[in-house]
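All values below were derived from every heavy atom in this structure, side-chain atoms included, with hydrogens, water molecules and symmetry-related copies excluded. When a residue number appears, it is its place in the shown sequence, counting from 1.
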Amino acid sequence: MALIGGTQAGMMDDNDALRLAALLCSRLAHELAGPAGAVANGLELSAGDHGIDDANDLTRDACAQLTRRLTFFRRAYGTGEGMTWHEARKVTADYLAETRYHLNWSDSCVEGTSSGARLVLNLILCAMETTPAGAVLEILDTGHPAVAAKGELAEIALPTEGNIYQAMSPRDVQPVFTAQLAWSMGLDLDAEVRDAGHIVWHARPIEHG
């Protein structure tokens with residue numbers, strides 16, 4: 001099903017753009033709050049009478065996680081300029097390290113544009129959003145960016161009436177932002193549920209007429 005048609009995805013005014021930016025910032029802050037808090041906890045432990053080795057381990061692990069997340073989101077939400085598919089694969093693998101997600105990236109999906117690589121990163125986030133308990137993620141070679149997820153599916157709840165941008169919450173923003181990104185490339189965002197535990201997020205050329 002097409003979540004947001006190309007024409008609708010592109011219909012934004014200045015208030016919509018500000019709302020979308022604010023929601024992305026909220027989502028990013030949520031993603032970074034956990035490891036940032038763990039860094040603070042590690043520093044607090046090291047200043048007290050607790051085991052210094054444990055505190056150092058906690059701080060080091062939290063800093064590594066924070067760096068991985070910052071690197072991934074800088075590429076996914078930034079311009080993506082100059083990003084190769086090899087880099088996209090690496091930052092994704094690093095981002096998913098020590099999570100409940102397993103990544104299968106087809107060896108045939110190694111070349112493409114920087115904008116296509118950026119779109120793949122955002123499709124991965126869409127796939128994770130619909131499988132919050134963890135999943136096997138697979139980057140598919142379909143001619144256009146596509147990501148499959150196999151795991152327990154959560155409901156896709158997106159605003160469908162009125163001004164979708166003003167009705168969104170931070171939880172809704174990822175697929176809507178991804179649809180907007182796809183539209184800028186002349187593509188529609190689709191989510192195809194193939195069975196109870198299998199969903200494919202992919203971009204397809206906008207059909208006119």
Side-chain angles (χ1 to χ4, degrees), residues 3-4 9 12 16-42 59-105 109 112-135 137-139 145-149 151 154 156 158 165 168-185 187 189 191 201-203:
L3 295 181
I4 301 177
M12 298 179 66
D16 295 336
L18 286 171
R19 174 68 175 169
L20 187 61
L23 290 168
L24 286 174
C25 288
S26 294
R27 176 183 171 85
L28 182 58
H30 174 77
E31 287 284 343
L32 301 180
V39 171
N41 290 337
T59 304
R60 181 172 56 252
D61 291 346
C63 285
Q65 184 184 45
L66 186 59
T67 298
R68 291 193 299 267
R69 292 191 181 189
L70 280 169
T71 300
F72 180 88
F73 281 102
R74 180 176 68 87
R75 286 318 224 166
Y77 290 164
T79 64
E81 291 180 359
M83 178 167 54
T84 65
W85 282 57
H86 175 76
E87 181 186 357
R89 182 174 183 168
K90 183 182 186 305
V91 299
T92 300
D94 290 345
Y95 174 63
L96 296 177
E98 301 178 14
T99 70
R100 295 168 291 183
Y101 295 90
H102 178 75
L103 178 67
N104 290 328
W105 193 301
C109 297
T113 64
S114 295
S115 58
R118 181 187 178 206
L119 181 55
V120 166
L121 298 189
N122 281 277
L123 289 171
I124 288 168
L125 291 173
C126 287
M128 294 174 69
E129 194 74 22
T130 46
T131 54
L137 305 178
E138 185 174 3
I139 315 304
V147 177
I156 303 173
L158 293 175
Y165 298 99
M168 279 190 296
S169 71
R171 188 177 182 276
D172 305 325
V173 70
Q174 184 57 52
V176 177
F177 172 73
T178 307
Q180 186 68 241
L181 182 60
W183 175 85
S184 72
M185 300 168 60
L187 302 170
L189 174 66
W201 288 84
H202 50 92

| What residues form a side-chain hydrogen bond (donor to acceptor under 3.5 Å, both in side chains) with S115, not counting sequence neighbours? | T113

| note | Sorted by chain and residue number, the side-chain contact (heavy atoms from CB on, under 4.5 Å) partners of R118 (sequence neighbours excluded) come out as M83, N122, F177, L181

| query | Do M128 and L96 come within less than 4.5 Å of each other through their side chains, counting heavy atoms only? | reply | yes

| Do E87 and R75 come within less than 4.5 Å of each other through their side chains, counting heavy atoms only? | yes

| request: Could I get the full list of ring pair (Phe, Tyr, Trp, His ring centres under 6.0 Å) partners for Y95, not counting sequence neighbours? | output: F72, F73

| request: Using a 4.5 Å cut-off on heavy atoms from C-beta on, say whether the side chain of L119 contacts that of L187. | output: yes

| task | Taking all heavy atoms of A149 and all of A135, pick out the closest pair and write down the distance. | result | CB-CB, 4.4 Å

| field | Separation between CG of L66 and OG1 of T71, rounded to the nearest 0.5 Å | value | 9.0 Å

| Got a second to check how far L137's CG is from T131's OG1, nearest 0.5 Å? | 6.0 Å

| query | Taking only residues two or more places apart in sequence or in another chain, which ones pass side-chain hydrogen bond (donor to acceptor under 3.5 Å, both in side chains) with H86? | reply | none

| said: Holding to side-chain hydrogen bond (donor to acceptor under 3.5 Å, both in side chains), I want the full list of residues that pass it with T130, two or more places apart in sequence or in another chain. | reply: W201

| Donor-acceptor contact below 3.5 Å, side chain R100 vs main chain P132 | yes

| query | Is any side-chain heavy atom of L123 less than 4.5 Å from a side-chain heavy atom of L189? | reply | yes

| field | All side-chain hydrogen bond (donor to acceptor under 3.5 Å, both in side chains) counterparts of R27, not counting sequence neighbours | value | Y77, E129, Q174

| field | Heavy-atom closest contact (V147 atom, A127 atom, distance) | value | CG1-CB, 4.0 Å

| query | Say you draw a straight line from CG of L20 to SG of C25; how long is it, rounded to the nearest 0.5 Å? | reply | 10.0 Å

| Least distance between heavy atoms, C126 atom then P175 atom | SG-CA, 3.6 Å

| task | Just do the side chain to side chain contact (heavy atoms under 4.5 Å, CB included) check on T178 and L125 with the steps written out, would you? | result | CA-CA 9 Å; T178 307; L125 291 173; over 6 Å; no

| Would you say L103 and T92 make side-chain contact, with heavy atoms under 4.5 Å? | yes

| query | Taking R69 for the side chain and L32 for the main chain, is one N or O donor matched with an acceptor at less than 3.5 Å? | reply | no

| Straight-line distance of L24 CG to R19 CZ, nearest 0.5 Å | 11.0 Å

